[in-house]
Amino acid sequence: MKLDADSLREILESAESFRIERTTSESNTDKFGEAICAFSNDLPASGKPGYLVVGVEDATGRVVGVKDASSLELLLANIRSQGNITPMPMMSVNAVEVGGKHVVIVEVQPSVRPPVRYKGRTHVRIAQRRDYASIDEERQLAERATDQARTWDLRACQDATLEDLALELFLQPYLPNAVSREVIDANGREIQEQLASLRFFDLRKGHPTNAGVLVFGKDPLSVCPGAYVQFVEYEGMDQASSVLASERFSGDLATVLRELDRLAQRLARERPVRQPDLTDTSVYDFPPRTLHELFMNAVIHRNYENSTSPVSINLFADRLELLNPGSLYGELASGGFPNGTSYRNPVIAEAAKTLGFVNRFGRGIAIAQAELQKNQSPPAELKPIENHFLAIVRRRA
């Protein structure tokens with residue numbers, strides 16, 4: 001975010017509006033999260049960013065500054081990826097000096113996938129007031145998302161109907177984890193509207209979205225034939241070796257991720273290693289958390305569109321190879337890998353977080369590598385190749 005002098009003056013001097021919120025609080029993370037959520041929803045559809053200004057009095061506009069601008073910048077930046085705001089907001093954070101005092105400004109871009117929720121509640125800003133979205137406002141936001149759908153998972157699946165979804169999977173356990181209890185208790189909407197509010201149904205076209213089919217479909221393979229994972233264990237170093245075991249994982253998203261989590265635990269193979277002081281330390285052939293993160297990433301980030309290829313997990317005598325369809329996406333393809341964040345399937349990523357298989361957004365690779373280092377294993381080899389992404393994890397000696 002690069003604010004010129006005129007823009008900065010306008011933000012600081014303007015009264016609070018649907019695009020500007022000011023506060024002197026430096027620790028109220030709920031207040032910050034709700035404000036970021038409301039700006040992301042951009043209820044008036046202005047297409048313009050909103051600004052949360054910390055260090056300026058609400059009523060008077062007087063600059064009082066903040067005590068520790070660096071720590072506050074970090075706290076605000078972390079709100080983006082903690083998973084309390086879904087989908088993840090587009091925002092930037094900067095400290096600026098005004099009259100010898102520091103002010104921290106969060107610039108929030110309107111989301112292309114509203115409604116955006118903070119801790120299960122949809123917040124909007126109406127003039128100078130922040131409030132919860134009404135049912136009609138949520139419907140308006142959901143329809144806006146399908147109008148500007150840019151990713152495959154948000155598009156309507158023309159081959160599926162409501163009857164193709166296992167709605168019990170949506171009602172329990174998904175909905176209680178995605179939406180606050182107060183909203184559910186006050187809910188008078190039809191099931192299609194409830195699905196649409198979480199980007200699983202296109203109300204205008206009358207079909208589930210592709211994400212809806214993958215997350216809750218009775219038979220996702222009927223409309224997405226590549227939506228499964230193939231595991232093969234080989235006796236030797238290559239695919240010419242004898243096959244020791246093979247499994248195929250398919251079904252709704254939670255079923256696939258749950259089975260992959262079990263596979264990660266099974267392949268980890270904990271064992272003792274004698275230390276120089278004659279004590280034993282437990283190590284793993286493959287750290288289970290590393291496999292968990294890489295398996296989750298493969299399913300979440302793979303290319304599903306027009307692909308009949310599965311995610312492949314091949315276990316050899318000395319290594320595990322994980323190959324998923326689709327190379328790097330978005331900003332990651334232009335130099336942002338491995339530190340950037342760009343989701344090919346943002347609704348599926350959000351669903352994995354809601355279902356409890358992902359703790360935070362954008363941290364999978366870093367966690368996987370840290371667990372390998374802790375296990376004294378070589379780092380994972382991550383290789384974007386044509387139309388695929390390959391991860392190689394070496395077995396610890």
Side-chain angles (χ1 to χ4, degrees), residues 78 81-83 229-239 241 244-245 247 249 256-277 279-302 311-329 332-333 335-344 349 352-353 356-385 388-397:
N78 282 338
S81 59
Q82 285 173 339
V229 179
Q230 183 66 53
F231 167 71
V232 181
E233 181 178 1
Y234 296 92
E235 184 177 25
M237 301 292 194
D238 56 39
Q239 290 179 315
S241 307
L244 297 178
E247 291 182 72
F249 307 110
V256 172
L257 297 184
R258 190 180 304 114
E259 291 301 317
L260 288 178
D261 209 16
R262 290 171 181 163
L263 179 65
Q265 295 296 326
R266 194 167 77 240
L267 299 183
R269 294 172 186 167
E270 185 179 9
R271 54 190 168 86
V273 171
R274 183 57 54 93
Q275 301 299 306
D277 62 0
T279 61
D280 287 337
T281 299
S282 291
V283 299
Y284 297 93
D285 283 1
F286 307 100
R289 184 71 186 276
T290 292
L291 296 186
H292 168 88
E293 295 295 339
L294 294 179
F295 290 174
M296 300 302 110
N297 272 9
V299 172
I300 292 168
H301 298 300
R302 63 153 292 173
V311 172
S312 296
I313 303 173
N314 292 320
L315 179 64
F316 301 101
D318 65 333
R319 70 195 185 282
L320 180 142
E321 292 189 359
L322 177 61
L323 185 70
N324 61 289
S327 192
L328 296 177
Y329 176 81
L332 299 184
F337 181 78
N339 299 316
T341 302
S342 190
Y343 289 105
R344 176 182 277 111
K353 170 70 176 64
F357 292 100
V358 177
N359 290 329
R360 293 185 59 166
F361 293 119
R363 292 282 298 154
I365 295 296
I367 292 171
Q369 297 287 32
E371 290 295 312
L372 285 166
Q373 184 178 30
K374 188 188 304 182
N375 195 56
Q376 298 182 337
S377 300
E381 301 162 40
L382 308 174
K383 300 180 179 181
I385 55 181
H388 287 81
F389 188 89
L390 175 65
I392 301 174
V393 185
R394 302 288 174 180
R395 190 189 300 270
R396 189 193 189 283

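Index from 1, following the sequence.
With sequence neighbours excluded, the residues satisfying side-chain contact (heavy atoms from CB on, under 4.5 Å) with E381 are K383, I392, R394. Partners of Q373 by side-chain hydrogen bond (donor to acceptor under 3.5 Å, both in side chains), not counting sequence neighbours: none found. With sequence neighbours left out, R262 forms a side-chain contact (heavy atoms from CB on, under 4.5 Å) with R258, E259. In this view, V283 and R271, V273, N375, R396 satisfy the side-chain contact (heavy atoms from CB on, under 4.5 Å) rule, not counting sequence neighbours. Every residue two or more places apart in sequence or in another chain was checked for a side-chain hydrogen bond (donor to acceptor under 3.5 Å, both in side chains) with S312, and none qualifies. Residues passing the salt bridge (Lys or Arg N to Asp or Glu O under 4.0 Å) test with D280, sequence neighbours excluded: R274. For E371, the side-chain hydrogen bond (donor to acceptor under 3.5 Å, both in side chains) partners at least two apart in sequence or on another chain are K374. With sequence neighbours excluded, the residues satisfying side-chain contact (heavy atoms from CB on, under 4.5 Å) with N297 are H301, I365. Scored by the ring-ring contact (aromatic ring centres under 6.0 Å, His included) test, Y234 finds F316 as partners (sequence neighbours excluded). Qualifying side-chain hydrogen bond (donor to acceptor under 3.5 Å, both in side chains) partners for Q82, counting only residues two or more places apart in sequence or in other chains: none.
In this structure, A368 and T290 approach most closely via the heavy-atom pair O-OG1, 2.8 Å.
The closest side-chain heavy-atom distance from L315 to L244 is not below 4.5 Å. At a threshold of 4.5 Å between non-hydrogen side-chain atoms, the residues I313 and L320 count as touching. F357 is not listed as a side-chain neighbour of I300, based on a closest heavy-atom distance of 4.5 Å or more. Using a 4.5 Å heavy-atom threshold, the side chains of R395 and F286 count as touching.
Remark: E233 does not engage R266 in a salt bridge, criterion side-chain N to carboxylate O under 4.0 Å.
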task: Apply side-chain contact (heavy atoms from CB on, under 4.5 Å) to the pair F295 and L322, showing each step before the final yes or no.
output: CA-CA 8 Å; F295 290 174; L322 177 61; 4.1 Å; yes

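Applying the salt bridge (charged side-chain N to carboxylate O under 4.0 Å, His left out) definition to pairs two or more places apart or across chains, those involving residues 291-300 are R289-E293.
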